[in-house]
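The structure appears below as structure tokens.
Atom set for the values below is all heavy atoms of this structure, side chains included, hydrogens, waters and symmetry mates excluded.
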Amino acid sequence: MILFVSGGSSELGRTLIRQVWGRYDRIVAHYCSHKEQLKALKAELEGENAPEGGKLVLAQADLACESQVKSLCSVLKEKELLPDHYVSFPAAPVRIEKFHKMKWEELENDMGLQLKSNVLMLQQFLPAMAKRKYGKAVLMLSSCTAGTPPKYWSAYTTVKYALLGLVKSLAVEYGEKGVRVNGVSPSMVGTKFVENLPHLVIEKNQMEHPLGRLARPEEVTGVIGMLLSEQGDYINGENIVISGGSVMG
């Protein structure tokens with residue numbers, strides 16, 4: 001069984017890999033520029049003298065570059081590492097700005113990093129899953145896709161809704177072929193990803209949250225782990241909100 005984690009060097013990616021380590025024969029962890037975090041994780045899980053290959057395989061690519069994404073897919077195919085399970089974490093940092101000041105180029109870059117890269121990789125991975133009549137894919141969305149989105153987050157919200165559309169359309173197309181596609185939508189998670197936000201925004205979010213805090217990485221990856229397990233076999237096309245009660249349907 002092979003798991004591919006896009007954005008594996010992120011805090012969420014590393015947390016998921018730790019949680020599901022015992023379930024897989026190989027785990028391919030993608031990174032763009034933060035290889036050191038994954039090398040440290042590999043040493044933690046496999047030992048200081050772990051071989052270059054081993055169970056945790058590190059794969060580099062800039063997901064904003066189409067040619068690198070296609071090259072990554074080709075390498076995985078050549079090495080017989082096409083995944084049974086696929087999880088996608090990459091996201092561009094949130095930019096808080098008024099809509100009329102948003103630059104189209106920035107939105108286009110965000111779409112390339114998140115939507116286009118997922119489309120290109122899933123176009124390679126899902127047919128192989130369908131041929132095996134088994135596979136699972138989980139995409140990281142956001143609680144902004146449920147209820148009223150935050151003000152001045154138009155670029156971020158637009159991209160996440162595009163990913164939600166991808167999740168639902170793929171779930172319908174591939175469900176009868178044994179493949180499950182779902183999204184998870186956490187509220188603000190306490191990782192380095194939110195460090196670029198103004199401190200007052202984070203503080204206000206915590207003060208107004210029913211639980212009085214941000215989500216922890218393991219609380220989000222725990223749900224993803226469930227979706228990848230047998231308990232997730234009958235879950236398909238869902239947008240699972242993990243908000244601690246800050247968003248209620």
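- With sequence neighbours excluded, the residues that form a side chain to side chain donor-acceptor pair (under 3.5 Å) with E66 are K70, K116.
- Between Q68 and Q60 there is a side-chain heavy-atom pair separated by less than 4.5 Å.
- Around the NE2 atom of H209, the shell of radius 6.0 Å holds more than 12 heavy atoms that belong to other residues, nucleotides or ligands.
- With rounding to the nearest 0.5 Å, the separation of CD1 in I17 from CG in L45 is 8.0 Å.
- Here the NZ-CG distance, from K131 to L82, works out to 10.5 Å after rounding to the nearest 0.5 Å.
- Sequence neighbours left out, the pairs with a member in residues 109-154 that pass ring-ring contact (aromatic ring centres under 6.0 Å, His included) are F4-F125, H85-Y134, Y86-F125, W153-Y156.
- Rounded to the nearest 0.5 Å, atoms CZ (R26) and CG (L76) are 10.5 Å apart.
- No side-chain heavy atom of E219 sits under 4.5 Å from any side-chain heavy atom of V189.
- Within 6.0 Å of NZ on K55 lie more than 12 heavy atoms contributed by other residues, nucleotides or ligands.
- A distance-only check finds a donor-acceptor pair linking the side chain of H30 to the backbone of G7 [under 3.5 Å].
- In this structure the side chain of Y174 never reaches within 4.5 angstrom of the side chain of L122, judged on heavy atoms.
- Evaluation of the side chain to side chain contact (heavy atoms under 4.5 Å, CB included) rule for A64 yields D62 as partners, not counting sequence neighbours.
- The two residues K160 and A91 have their closest heavy-atom pair at NZ-CB, 3.9 Å.
- Contacts classified as side-chain hydrogen bond (donor to acceptor under 3.5 Å, both in side chains) and involving residues 176-187 (residues at least two apart or in different chains) are given here: T145-S185, S185-N239.
- From L16, atom CG reaches atom CG of L3 across 6.0 Å, with rounding to the nearest 0.5 Å.
- Side-chain N or O atoms of S71 include none that pairs as donor or acceptor with a backbone N or O of S67 at under 3.5 Å.
- For E97, there are no side chain to side chain donor-acceptor pair (under 3.5 Å) partners two or more places apart in sequence or in a different chain.
- Without hydrogens or angle criteria, R213 side chain to M207 main chain gives no donor-acceptor distance under 3.5 Å.
- Contact of the P186 side chain with the M140 side chain is registered, since non-hydrogen atoms from C-beta on lie closer than 4.5 Å.
- In the displayed structure, K39 atom NZ is contacted under 6.0 Å by at most 12 heavy atoms of other residues, nucleotides or ligands.
- Annotation: side chain of D233 is in contact with side chain of E230 (closest heavy-atom distance under 4.5 Å).
- Once rounded to the nearest 0.5 Å, the distance linking CE of M121 with OG of S117 reads 4.5 Å.
- Atoms OH and CG, on Y31 and L41 in that order, are 13.5 Å from each other to the nearest 0.5 Å.
- In plain terms, the two heavy atoms of L113 and A92 that are nearest each other are CD2-N, 3.7 Å.
- Residues satisfying the side chain to side chain donor-acceptor pair (under 3.5 Å) test with Q19, not counting sequence neighbours, are T221.
- Residues S6 and L63 form a side-chain contact, since some pair of their non-hydrogen atoms from C-beta on lies under 4.5 Å apart.
- When side chains are defined from C-beta on, M111 counts as touching T158, because their heavy atoms get closer than 4.5 Å.
- Contact annotation: the side chain of W21 approaches that of E46 to within less than 4.5 Å [non-hydrogen atoms, C-beta and beyond].
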